[in-house]
Amino acid sequence: MKAVIYARYSSDNQREESIEGQLRECSAFAERKGYTIVKTYADRAISGKKAYNRPQFMQMIADSKQKLFDTVIVWKIDRFSRDKYDSAFYKNALKKNGVSVISAKEPIDDTPEGQLMESIFEGFSVYYIKDLSMKVSRGMTENVLNYKFNGGALTFGYLIDENKHFQLNPDTTPIVQDIFIRYAEGESARNILNSLIEQGVKNQRGKNLTYSFVTNILKNRRYLGEYRFKDTVVENAFTPLVTPEIFNKCQERLSANKRNPAHFKEVADKYILTGKIFCGHCGSTMSGVSGTSKTGEVHRYYHCRKAKSKKTCDKKRVQKDLIEDIVIDYTMNILNDYRLINQIVNTCFELQSKENTRLPVMTNRMKQIKKEFDNIMTAIKQGIFSPTIKESLDNLEQEKADLELAIAKEKIERPTLSKEQIKYWICTFKMIDKDDDTQKQRLIDAFVNSIYVYDDKILITYNYKDGEKCVDYDEIQKYMNKKENSDNHKDYQSSPINVFGEAFCAKSEFSTSSSDIVLVPSLKLYVMTILSSYR
């Protein structure tokens with residue numbers, strides 16, 4: 001009789017030596033019973049819960065079709081499988097190929113008593129794996145309650161100390177915070193990814209970044225300081241890297257981008273109202289669509305998704321250029337409100353010191369380092385000293401030096417802006433180029449909350465209290481007539497709105513150029529946050 005030996009050990013309190021022990025005892029059993037061993041199969045450090053995760057096991061099942069052996073010898077029946085359904089399925093597959101399974105250490109044969117014993121052993125195996133799973137789950141729950149690392153992949157932005165607690169990683173924490181701020185301000189995940197790649201940033205395993213790296217960070221509630229395992233959730237388990245306001249704003253953008261099919265269209269087909277424009281009939285989102293006429297001309301529209309796909313709404317399409325121009329013009333018009341602009345400027349100026357998410361984190365860590373340093377010095381004064389203490393002291397001094405440099409750099413890169421500089425930045429919205437989709441998108445993102453399109457009117461809701469504008473059919477018709485009579489689409493550049501914008505900006509002298517203002521990453525978020533708070 002030709003036989004093969006199958007051996008396996010998992011990671012639960014077993015070692016490589018257990019494979020050799022299984023092979024030795026199986027070989028001795030084969031010699032006593034007169035079997036000739038033609039091959040051995042061994043899966044190392046692999047659980048027996050699911051067979052398809054064991055490559056050597058699956059290879060053995062495949063080889064059985066070649067009629068190369070008659071019997072599979074295992075040390076104990078649980079080495080074959082810990083899942084009774086898998087065990088029955090693969091034993092039946094082997095049986096069809098003329099192969100039986102026998103245990104070297106358990107008295108199992110083909111008699112009814114032997115089959116009963118096999119069922120009992122398999123039952124104990126199932127009990128063992130479920131009991132082990134419960135114990136592991138209980139231990140991991142305790143770890144969460146005690147703020148301890150549960151194993152697995154490290155969370156980018158944190159590191160694990162010797163007590164298995166989460167600590168901020170000074171090298172990667174600023175990267176995480178920058179990703180959240182930039183995405184909340186409206187920058188695309190793809191652009192953020194490309195800039196990180198250009199900077200040479202690697203993931204927590206030291207490998208190249210992918211698109212999912214950015215999106216997974218944006219979705220990870222652990223950056224709020226939230227630690228969870230199954231149904232157990234602990235708030236403020238460790239230092240958060242992002243405020244709830246910024247995190248929620250990122251989730252809104254992720255959700256909007258997920259449901260809007262026009263999000264990934266080419267720049268030439270950019271629909272700047274995507275995610276904010278809704279059907280007045282049914283409330284569904286309206287997405288960008290296009291079609292080509294017989295003359296080859298491309299026409300673009302916003303179309304109710306239910307009317308387009310499910311045919312459950314009778315709302316007709318609306319012209320893309322018309323609706324976008326109406327929203328842009330009326331939005332620019334509201335910026336004539338001196339009170340609103342001055343309130344934004346004053347509040348932005350006050351919020352600058354509060355909204356820097358990086359500086360407080362680094363400052364808090366500096367306080368922790370000082371405390372740890374004092375504890376070590378107290379121990380040394382009491383006569384306690386060892387190589388480990390010296391190493392900890394050296395590490396703290398190095399981290400302190402790195403943090404001091406990072407704090408100084410942060411203060412240089414994010415200086416406090418004057419009210420005149422902030423006012424100048426807001427004024428740039430009054431002089432946008434209507435042919436530049438990026439500039440128009442900035443205006444929409446900052447000020448427009450939603451647009452509802454009806455058959456006879458358009459309702460525009462802005463991001464401030466009582467900020468609604470209803471444009472009825474007569475106004476729309478007047479707008480269209482005015483547009484048709486215009487010799488040039490850029491006539492708006494000399495309109496009262498923009499003349500006011502130029503005069504308003506000329507009231508003050510500025511020490512910083514416009515390009516410097518635009519590059520300040522958090523200023524746009526200030527405006528959006530302030531406007532939202534007025535609702």
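Predicted model only: the values in this text are computed from it and were never measured. For the single chain, residues carry numbers from 1 onward in sequence order.
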Side chain of Asn194, backbone of Arg190: donor and acceptor closer than 3.5 Å? yes
Does Tyr271 have Lys320 sitting over its ring (NZ/CZ under 6.0 Å from centre, angle to axis within 45°)? yes
Residue pair Gln319, Tyr302: steps toward the side chain to side chain donor-acceptor pair (under 3.5 Å) verdict: CA-CA 7 Å; Gln319 294 179 20; Tyr302 285 97; over 6 Å; no
Using a distance-only test with no angle check, is there a side-chain donor-acceptor pair under 3.5 angstrom linking Asn449 and Lys276? no
Shortest non-hydrogen separation from Phe180 to Cys250 and the atoms involved: O-SG, 3.4 Å
Taking atom NZ of Lys316 as the centre, report whether more than 12 heavy atoms of other residues, nucleotides or ligands fall under 6.0 Å from it. no
Between Lys440 and Asp433, is there a side-chain N and carboxylate O pair less than 4.0 Å apart? no
Positive for salt bridge (Lys or Arg N to Asp or Glu O under 4.0 Å) with Glu372, one of Lys400, Lys367, Arg365: Arg365
Within 45° of the axis and under 6.0 Å from the centre of the six-membered ring of Tyr454, does NZ or CZ of Lys457 qualify? yes
Would you kindly say whether Asp402 and Gln398 are connected by a side-chain donor-acceptor distance under 3.5 Å? yes
Give me the atom names and distance for the closest heavy-atom approach of Asn163 to Lys148. O-CE, 3.9 Å
Test the Arg442-Phe429 pair against the cation-pi criterion, namely NZ or CZ under 6.0 angstrom from the six-membered ring centroid and within 45° of the ring axis. yes
Show, in sequence, the C-alpha distance, side-chain angles and deciding distance for Phe247 and Tyr223, and conclude whether the ring pair (Phe, Tyr, Trp, His ring centres under 6.0 Å) test is met. CA-CA 9 Å; Phe247 185 87; Tyr223 294 116; 8.4 Å; no
Does the side chain of Asn364 come under 3.5 Å of the side chain of Gln368 through a donor N or O and an acceptor N or O? no
